[in-house]
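To start, the structure itself, in structure tokens.
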Amino acid sequence: MNISSRAAYALCILGMIIVGSSVAVSRLITAYPMLTGQALRYAVAAVLLFGVARFFPAPVRTRPTRRDLILLIALGAVGLAAFNACVLTGLRHAEPAVIGTAIGAAPLILALLGPLMARRRPAARLVIASTVVVAGTALVEGFGQTDATGLAAALGALACEAGFSVLAAPLLPGLGAVRVSAYACLLAVPLLAVGAIVTGEAAAVRLPTVAEAAGLAYLAVVVTVVAFIAWFLGIQQLGVERAGVLVGVLPLATLAVSAVMDGRLPGSAATTGVLVVMAGLALPHLNLPRSARRGMRAHPALTD
């Protein structure tokens, strides 16, 4: 599916707003068996995504190759199962700010990894913009209190967030955004189910409460189906490097949803952080002198 760069930016921002809200919403399900809940979430999402795929243009190939399958298993394991396990574990051992601040470092990692994977130098402007976004995220979220487990989980969530985009990028041209999402969700289910059995969690399975059911439904339908499609469609057009900066929207959404759920406004440091993040997000798109624009042409990731 061909979309304009402007539409791609809008889709990426929408995706990150939704994913950012999921960090706050995930607090509703921290008492529910973690691996079992995520398995249910991705099973529902996989069914919906394969249904939605029929309404999208046919991709280059409808079935994954052996190489695709390896990447999809890694995507399901790292970007889905492990990421959510890290977030939920982190929320049990740390304040949400710790998780949000760690994930907020993903733009810088992606700004470096994207071009390095393409065997070229990172674009200086995107690296600077990503650094500004990371600094603003630290102000937005603060650093919060945590123990060693919470810190390890936060760093794990950061690595998984970066891996989510890096692993998906080579799959998108062949399979398309919807089918990549669908296959990744489908393959994450048995991984999570086996984990639940091995850890003994399966024996503690119970019906979710009303709040837990609402949280799981939101994560399955809105976060997994809508956000995944939006993010993958955007990243397919923009590439990992440019789209990675937009991960900075995630902590802003987390802050906003947390403020609504907690019934209190953010403090002055968080408000300042929002402005800093917005400046970082705008930096790659500011008008430059002609000499600087010539420099940008040497970096295809900076041009539409």
Side-chain angles (χ1 to χ4, degrees), residues 5-6 8-21 23 96-118 120-144 154-155 157-166 231 234-235 237-259 266-289 291-293 295-304:
S5 292
R6 187 170 298 179
Y9 278 112
L11 287 169
C12 283
I13 290 171
L14 172 63
M16 285 300 100
I17 288 174
I18 295 173
V19 174
S21 71
V23 177
V98 178
I99 311 300
T101 299
I103 296 174
L108 183 56
I109 293 177
L110 292 174
L112 296 172
L113 279 181
L116 290 176
M117 290 172 61
R120 57 181 172 79
R121 289 189 307 168
R125 179 175 262 218
L126 282 180
V127 173
I128 293 171
S130 300
T131 304
V132 172
V133 168
V134 172
T137 298
L139 287 171
V140 169
E141 299 286 355
F143 293 97
L155 294 176
L158 167 61
C160 293
E161 175 63 27
F164 180 71
S165 297
V166 170
W231 178 252
I235 203 173
Q237 172 68 22
L238 300 176
V240 171
E241 188 176 6
R242 283 194 293 172
V245 178
L246 300 174
V247 177
V249 174
L250 190 155
L252 305 187
T254 301
L255 175 70
V257 175
S258 296
S268 57
T271 302
T272 302
V274 169
L275 298 176
V276 173
V277 170
M278 291 174 64
L281 294 174
L283 183 58
H285 313 293
L286 296 177
N287 291 328
L288 295 175
S291 60
R293 287 200 296 269
M296 286 176 63
R297 294 192 186 102
H299 300 281
L302 290 177
T303 61
D304 288 338

- Quick one: CZ on R6 to CD on Q237, what's the gap to the nearest 0.5 Å? 13.0 Å
- Check A243 against W231 and note the closest heavy-atom contact, atom names and distance. O-CH2, 3.2 Å
- Residue pair L238 / S5: nearest heavy atoms and the distance that separates them: CD2-O, 4.1 Å
- Query: Does any N or O in the side chain of S21 come within less than 3.5 Å of the main-chain N or O of I18, such that one atom is a donor and the other an acceptor?
  - Reply: yes
- Of all heavy-atom pairs linking I235 and S165, the shortest is CD1-CB, 3.6 Å
